[in-house]
Structure formats: structure tokens, C-alpha cells
Amino acid sequence: MSRARGARDARATAATAATAGTHGTVDLFVDGEAVSGRAGQTIAGVLLGAGRVAWRGAQDGERGVFCGIGVCHDCLVTVNGVEGVRACQREAVDGDLVEREVRG
């Protein structure tokens, strides 16, 4: 990648990040319920911001975000029909259909 292109991409990313907190919003549908968040947040961030601390059932209880860096797999959800998505790593996109996963 050229140096000029890298600088341009970095500026575009910075501009998006700067405006996301004040202008951009995303609306997700979590198990059929609308949940709103800020553009740029992860799915876990949107869920936590909406007061949801658990969104996956497991044999020994409910799970949500634990490590926040994609290592523990406690935050797995189904997004737009794709199972096993780490909510702490996946950026929320307007219109995402998020479903909780139940694992034994």
C-alpha cells in the first residue's frame, strides 16, 4: 500500500470515529426487539449500553461479555444467520439481526 493511500485511509477512519459519537447511530434487532447504539460500537457495546449483561445461555448459567478481546467465547451470538459471532469483536451494523445462542 502506498504511503499516500495509507494516510488517506487513516484520515477517513479518524473522521468517521470523530463523528460517530455525535451523529451516527445503529439500530439492531436483538431477538426481535429494537436496540440502538452508536456507530462504531461493537455488538457487545450496544447490548451493554442497552442494559443487557447476558445474552447467551450455557449449561451452567447465562453469559455475556467476559474478556472483551475475543478469547473466552462467552459473548457468542448469531448475527444475520451466522452462528458463533463474537459480540465483543464484531462492529454493530445498522439493521443487524442478533439472536442469542443457547449451548449445552
Side-chain angles (χ1 to χ4, degrees):
M1 178 180 342
S2 74
R3 183 181 271 175
R5 182 177 175 196
R8 183 178 62 240
D9 290 347
R11 283 192 304 273
T13 300
T16 300
T19 60
T22 57
H23 298 2
T25 61
V26 292
D27 293 315
L28 311 180
F29 297 93
V30 182
D31 295 326
E33 180 183 331
V35 178
S36 295
R38 293 184 194 166
Q41 282 185 299
T42 62
I43 291 173
V46 172
L47 293 173
L48 289 170
R52 294 176 178 238
V53 295
W55 52 81
R56 181 173 78 86
Q59 185 175 4
D60 58 346
E62 294 291 305
R63 305 287 186 175
V65 69
F66 180 69
C67 73
I69 59 172
V71 176
C72 74
H73 302 235
D74 273 358
C75 66
L76 294 178
V77 290
T78 297
V79 181
N80 302 324
V82 177
E83 295 180 354
V85 175
R86 291 179 180 98
C88 71
Q89 297 292 294
R90 166 71 156 60
E91 186 172 322
V93 175
D94 195 50
D96 273 344
L97 302 175
V98 180
E99 300 172 89
R100 53 185 287 121
E101 291 190 9
V102 178
R103 299 199 173 193

(request) Search all heavy atoms of C88 against all heavy atoms of G68 and return the closest pair with its distance. (result) SG-C, 3.7 Å

(request) Apply side chain to side chain donor-acceptor pair (under 3.5 Å) to N80 and list each qualifying residue two or more places apart in sequence or on a separate chain. (result) D96

(message) So which atom in V46 and which in A92 form the shortest heavy-atom distance, rounded to 0.1 Å?
(response) CG2-CB, 3.9 Å

(message) Whether the side chain of R86 engages the backbone of G70 through a donor-acceptor N/O pair (distance < 3.5 Å, no angle test) should be reported.
(response) yes

(request) Examine V82 and L97 and state if one hydrophobic cluster contains both, with Ile, Leu, Val, Met, Phe, Trp and Tyr joined whenever side-chain heavy atoms are less than 4.5 Å apart. (result) no

(message) Suppose the criterion is salt bridge (charged side-chain N to carboxylate O under 4.0 Å, His left out): which pairs have a residue in residues 68-78, not counting sequence neighbours?
(response) R56-D74, R63-D74

(message) Assess the residue pair E91 and Q41 against the criterion (side-chain contact (heavy atoms from CB on, under 4.5 Å)); give the C-alpha distance rounded to whole Å, side-chain angles, the decisive distance to 0.1 Å, and a yes or no.
(response) CA-CA 6 Å; E91 186 172 322; Q41 282 185 299; over 6 Å; no

(request) Please report the shortest heavy-atom distance between V77 and A87, naming the atom on each side. (result) CG2-CB, 4.2 Å

(message) Quick check: closest heavy atoms across V65 and C75, and the distance to 0.1 Å?
(response) CA-CB, 4.1 Å

Show me the donor-acceptor pairs within less than 3.5 Å that the side chains of residues 27-34 make with the rest of the protein, sequence neighbours left out.
{"unit_1": "D27", "atom_1": "OD1", "unit_2": "S36", "atom_2": "OG", "d": "2.4"}
{"unit_1": "D31", "atom_1": "OD1", "unit_2": "R100", "atom_2": "N", "d": "3.1"}
{"unit_1": "E33", "atom_1": "OE1", "unit_2": "R52", "atom_2": "NH2", "d": "3.0"}

(request) Could you tell me whether the side chain of T78 and the main chain of G81 form a donor-acceptor pair under 3.5 Å? (result) no

(request) Tell me whether W55 is reachable from L76 by hopping between hydrophobic residues (I, L, V, M, F, W, Y) whose side-chain heavy atoms are closer than 4.5 Å. (result) no

(request) Quick one: do V79 and R90 satisfy side-chain contact (heavy atoms from CB on, under 4.5 Å)? Show the steps, please. (result) CA-CA 9 Å; V79 181; R90 166 71 156 60; 3.5 Å; yes

(message) Other members of the hydrophobic cluster containing I69, with the 4.5 Å side-chain heavy-atom rule, please.
(response) V71

